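Okay, structure first, notes after.
Worth saying up front: this structure is predicted, and the values here are computed from it rather than measured.
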Amino acid sequence: MNMKPEEIVSILKEEIQNYDTRVRQSETGTVLEVGDGIATVYGLDRAVYGELVTFDTGTSGMVMNLGRDSVGVVLLGSEEGVQEGTVVTRTGRAADIPVGDGLIGRVVDVLGRPIDGLGEIPSSETRPIEHEASGVVTREPVNVPLQTGIMAIDAMVPIGRGQRELIIGDRQTGKTAIAVDTILNQKGKDVICIYVAIGQKASTVARIQNTLKTHGAMDYSIIVSSTASESAPMQYIAPYSGAAIGEYFMSKGKDVLIVYDDLSKHAVAYRALSLLLKRSPGREAYPGDVFYLHSRLLERACRLTKEYGGGSMTALPIIETQAGDVSAYIPTNVISITDGQIYLESDLFFAGQRPAVNVGLSVSRVGGAAQTKAIKKTAGTLRIDLARFRELEVFTQFASDLDRATQQALDHGKRLLELLKQPLYHPLPVSHQAIILYTATNGLLDDVPLDKVRSFAEDVVHEMLREHEKEVTEVDETGVLSATTSETIRTVVERLKKQVNA
């Protein structure tokens with residue numbers, strides 16, 4: 001078709017007049033070098049720290065270093081296909097994770113993607129992975145108990161909703177078991193539990209999932225997993241992703257329990273990341289901001305006032321020590337951030353005292369404020385009695401003849417320790433703990449043979465449930481052990497003793 005020159009000119013004029021003059025700007029950069037999960041990118045001049053970027057390969061990344069001529073990006077996915085010259089595009093938003101009720105009962109990776117083979121997770125909302133902790137004005141005092149179901153902890157190192165209680169000890173001393181028991185004990189208490197696995201073996205995470213499923217705890221639990229086989233950046237953002245999920249439920253007025261297992265491996269992942277980003281190493285080769293790494297994470301745990309939703313997030317961070325050295329860099333950092341610690345001792349563990357809680361070194365800075373009246377009343381002298389027993393045990397291990405008072409104190413202490421032993425995955429309700437503690441601290445079991453103390457205490461609980469169920473239920477509902485119930489326990493103990501001696 002032949003067009004006249006004037007027709008072509010008129011068409012061009014029309015096109016120029018209708019041309020959209022708005023500038024379409026999409027800031028991109030190119031990869032200069034890549035390796036070990038870190039990409040150095042040139043051209044992202046306006047990139048912001050913590051911003052999400054996407055590579056042409058489909059992999060996401062997070063800006064972690066802002067240099068004069070380039071930015072350091074950590075890869076949140078496969079490095080495959082990312083090479084020199086690969087185009088990187090800014091998203092303009094902070095790294096975030098999808099949140100919502102659909103996550104409950106699921107196992108997800110650090111980006112909120114399902115890894116349990118149960119299909120996609122419906123979600124319409126996201127929350128930034130890194131988020132500023134709630135201010136002082138929005139916080140409520142910690143005074144509502146969060147029962148672990150472990151008598152040694154609930155009686156002597158009580159945890160409140162909104163508290164940060166550190167679980168610390170050598171490897172294989174039962175740290176994860178305490179956290180799992182606590183999750184199991186939240187059944188029927190309207191608490192959402194989040195277990196964050198950082199640098200754990202995939203088989204360990206699968207075993208924990210199976211345990212929670214077997215006991216019906218996955219109905220109110222979420223597992224965020226970043227296994228040992230995953231890259232350092234994925235392990236680094238794992239606890240922050242878990243905290244973001246927890247904050248979503250907290251903002252809805254729910255109570256949340258979050259376990260970080262463990263922050264020692266998290267610090268190691270961050271150290272690897274920092275050294276690869278060419279940041280200066282400091283003590284034990286950790287970068288200077290490693291304290292801020294955990295403080296900004298644990299500060300996010302709190303109890304909110306009614307005006308701000310009224311929810312709470314209780315954090316149980318876990319730290320692994322080397323040969324019981326609590327004075328190492330990372331343990332001392334986390335001890336100073338948290339509101340107390342549960343110290344598990346190898347010697348106690350191997351001596352058969354499980355859970356291996358060292359009463360002398362364990363402390364809760366919230367204390368009795370987050371304890372039910374029944375437990376506070378019955379466990380009053382427990383810590384002092386055990387401390388006295390430990391002292392006497394050291395002094396009398398070489399003595400052959402002891403005076404009557406010393407022998408009594410030793411026998412009483414042995415019985416207390418025997419009663420504090422608890423099988424794995426068997427958390428106890430408040431009423432059962434109160435009954436056992438009442439019989440123990442009041443010396444009602446001092447004439448029962450040591451090897452029969454635990455079975456006798458269990459018989460007392462069963463007898464109370466069988467004949468006085470109303471009083472037992474009352475303790476669970478009100479958290480108070482009345483004088484009548486105390487007298488009933490004494491009567492039951494005396495009756496059972498006569499039956500045993502008959």
Side-chain angles (χ1 to χ4, degrees), residues 145-160 163-187 193 195 204 207-208 211-212 215 217 257 259-262 314-321 324 326 331 335 338 340-364 367 370-371 375 378-379 382-383 385-387 389-390 393 413-430 432-437 440-441 450 453-455 457-458 461:
L146 183 122
Q147 298 291 334
T148 64
I150 300 164
M151 196 155 61
I153 294 171
D154 289 343
M156 293 179 287
V157 200
I159 300 170
Q163 194 175 336
R164 302 152 301 181
E165 184 78 9
L166 172 64
I167 301 171
I168 187 168
D170 285 6
R171 66 185 300 272
Q172 299 294 315
T173 49
K175 300 186 296 298
T176 303
I178 282 181
V180 172
D181 264 354
T182 307
I183 292 172
L184 298 183
N185 197 50
Q186 304 317 308
K187 194 171 188 177
C193 302
Y195 176 82
T204 305
R207 191 169 68 245
I208 288 166
T211 302
L212 295 179
H215 292 84
L257 168 69
V259 176
Y260 303 114
D261 192 5
D262 67 49
T314 310
L316 293 182
I318 295 175
I319 285 284
E320 187 181 294
T321 53
V326 290
I335 285 169
T338 49
Q341 69 274 347
I342 297 160
Y343 180 66
L344 302 179
E345 198 175 3
S346 301
D347 292 347
L348 285 174
F349 186 85
F350 297 128
Q353 186 67 38
R354 298 174 191 177
V357 179
N358 180 316
V359 182
L361 292 177
S362 299
V363 64
S364 170
Q371 207 170 18
I375 302 293
T378 53
L382 188 61
R383 190 185 273 273
D385 289 347
L386 283 172
F389 165 72
R390 288 258 182 256
E393 192 181 33
K414 282 176 186 172
R415 279 161 177 75
L416 291 180
L417 281 178
E418 195 63 31
L419 287 170
L420 290 178
K421 289 179 184 175
Q422 207 168 319
L424 202 59
Y425 311 141
H426 278 80
L428 292 172
V430 174
H432 294 203
Q433 289 186 35
I435 293 165
I436 294 169
L437 287 167
T441 53
L450 186 62
V453 163
R454 272 175 65 204
S455 58
E458 285 168 16
V461 172

Does a salt bridge link Glu393 with Arg390, judged by any charged N lying under 4.0 Å from a carboxylate O?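 Yes.
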Would you mind reporting whether [Y] and [X] have side-chain heavy atoms less than 4.5 Å apart?
X: Ile375; Y: Val430; result: yes
X: Tyr195; Y: Ile208; result: yes
X: Met156; Y: Leu386; result: yes

For Lys187, side-chain contact (heavy atoms from CB on, under 4.5 Å) partners two or more places apart: Tyr220
If every non-hydrogen atom of [X] is compared with every non-hydrogen atom of [Y], which pair is closest and at what distance?
X: Gln353; Y: Lys421; answer: OE1-CE, 3.6 Å
X: Ala315; Y: Tyr260; answer: CB-CE1, 4.0 Å
X: Leu348; Y: Val357; answer: CD1-O, 3.6 Å
X: Thr338; Y: Pro317; answer: CG2-CG, 3.9 Å

Look only at the side chain of Thr173 and the backbone of Asp170, and say whether a donor-acceptor pair between them is shorter than 3.5 Å.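 Yes; judged by distance alone, with no hydrogens or angles, the pair exists.
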Applying side chain to side chain donor-acceptor pair (under 3.5 Å), name anything that partners Thr211, two or more places apart in sequence or on another chain.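 Partners of Thr211 by the side chain to side chain donor-acceptor pair (under 3.5 Å) criterion come out as none, since no residue qualifies.
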Before you tell me yes or no, could you show the steps for Asp181 and Thr148 under side chain to side chain contact (heavy atoms under 4.5 Å, CB included), namely the whole-Å CA-CA distance, both residues' side-chain angles and the distance that decides it to 0.1 Å? CA-CA 7 Å; Asp181 264 354; Thr148 64; over 6 Å; no
Would you please name every residue forming a salt bridge (charged side-chain N to carboxylate O under 4.0 Å, His left out) with Asp154, sequence neighbours left out? none
